Amino acid sequence: MEQEAEKSLIQAESSDGSNSNSSDCVARVRKLLFRRMLVGTKDGRFFLGTFHCVDKQGNIILQDAVEYRSTRRSSASPMEQRCLGLILIPSSCRSSCHVDCSIEEQLSLLTF
């Protein structure tokens with residue numbers, strides 16, 4: 001599912017809206033709207049939130065986002081979290097995308 005979400009986002013970023021392929025990409029990204037998405041960044045942090053939108057540059061906006069990061073010091077919890085709300089994750093920082101949905105929904109997202 002991660003590869004399909006990433007592929008849909010990359011195709012939507014590169015489309016210019018002039019052909020039917022771009023409308024297919026837009027339709028695929030629309031299927032991801034308002035789903036829970038886990039986005040990993042290159043610095044090791046993860047953001048879990050509701051997928052709100054993506055722009056042509058590939059920046060992702062998550063709503064009701066929570067940041068998770070590993071703690072370097074020894075503590076009872078290996079992950080630290082904080083609530084952020086509405087955030088923008090630049091495409092240059094993004095390393096992975098995971099969409100939370102059922103198997104049936106995953107199969108429908110895979111169809112072209």
Side-chain angles (χ1 to χ4, degrees):
M1 193 70 240
E2 170 191 350
Q3 293 87 5
E4 285 303 315
E6 192 74 23
K7 182 178 173 185
S8 294
L9 292 173
I10 289 170
Q11 288 174 346
E13 294 163 14
S14 62
S15 67
D16 61 357
S18 63
N19 59 23
S20 64
N21 187 29
S22 70
S23 63
D24 292 339
C25 295
V26 170
R28 291 179 72 187
V29 171
R30 280 189 178 157
K31 289 181 182 180
L32 301 174
L33 284 175
F34 309 114
R35 297 185 187 273
R36 298 295 289 171
M37 183 179 277
L38 181 68
V39 179
T41 58
K42 293 178 182 177
D43 61 2
R45 294 180 294 166
F46 290 93
F47 298 92
L48 179 64
T50 305
F51 177 60
H52 192 68
C53 69
V54 63
D55 61 11
K56 285 191 175 191
Q57 291 77 32
N59 303 316
I60 294 177
I61 293 183
L62 294 180
Q63 191 174 357
D64 301 324
V66 178
E67 174 192 23
Y68 296 93
R69 60 182 175 173
S70 62
T71 55
R72 303 262 185 239
R73 55 194 177 276
S74 61
S75 65
S77 174
M79 295 293 280
E80 226 175 65
Q81 73 178 37
R82 64 180 178 156
C83 296
L84 300 174
L86 190 68
I87 62 164
L88 181 138
I89 302 169
S91 62
S92 60
C93 298
R94 192 177 67 225
S95 64
S96 65
C97 292
H98 302 272
V99 179
D100 184 27
C101 59
S102 69
I103 293 174
E104 292 83 15
E105 291 172 321
Q106 288 180 17
L107 292 174
S108 72
L109 288 170
L110 293 174
T111 58
F112 292 95

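No experiment lies behind these values; they were computed from the predicted model shown.
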Stepwise side chain to side chain contact (heavy atoms under 4.5 Å, CB included) test for Arg36 and Thr50
CA-CA 5 Å; Arg36 298 295 289 171; Thr50 305; 3.3 Å; yes
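Ile87 and Ile61 are members of different hydrophobic clusters when ILVMFWY side chains are connected at heavy-atom separations under 4.5 Å. The hydrophobic clustering, which links ILVMFWY residues whose side-chain heavy atoms are closer than 4.5 Å, places Val66 and Leu86 apart. Cluster membership check: Leu88 does not share its hydrophobic cluster with Leu48, using side-chain heavy-atom separations under 4.5 Å among Ile, Leu, Val, Met, Phe, Trp and Tyr.
Here the OG1-CZ distance, from Thr41 to Arg69, works out to 11.0 Å after rounding to the nearest 0.5 Å. Here the CD atom belonging to Gln57 is positioned 11.0 Å from the OG atom belonging to Ser92, to the nearest 0.5 angstrom. A distance of 13.0 Å separates CE of Met37 from CD of Gln63, quoted to the nearest 0.5 Å.
Of all heavy-atom pairs spanning Leu62 and Ala65, the tightest one is CB-CB, 4.2 Å. For the pair Ser96 and Phe46, the tightest heavy-atom approach, listed with the atom from each and the gap, is OG-CE2, 4.4 Å.
Between Leu38 and Phe47, the closest side-chain pair of non-hydrogen atoms is not below 4.5 Å. His52 places a side-chain heavy atom less than 4.5 Å from the side chain of Phe34.
Panel note: side chain Asn59, backbone Ser91; a donor-acceptor pair is recorded below 3.5 Å. In this structure, the side chain of Arg94 does not engage the main chain of Ile60 through any donor-acceptor pair within 3.5 Å.
Crowding of Arg35 atom CZ: a count of heavy atoms from other residues, nucleotides or ligands under 6.0 Å exceeding 12.
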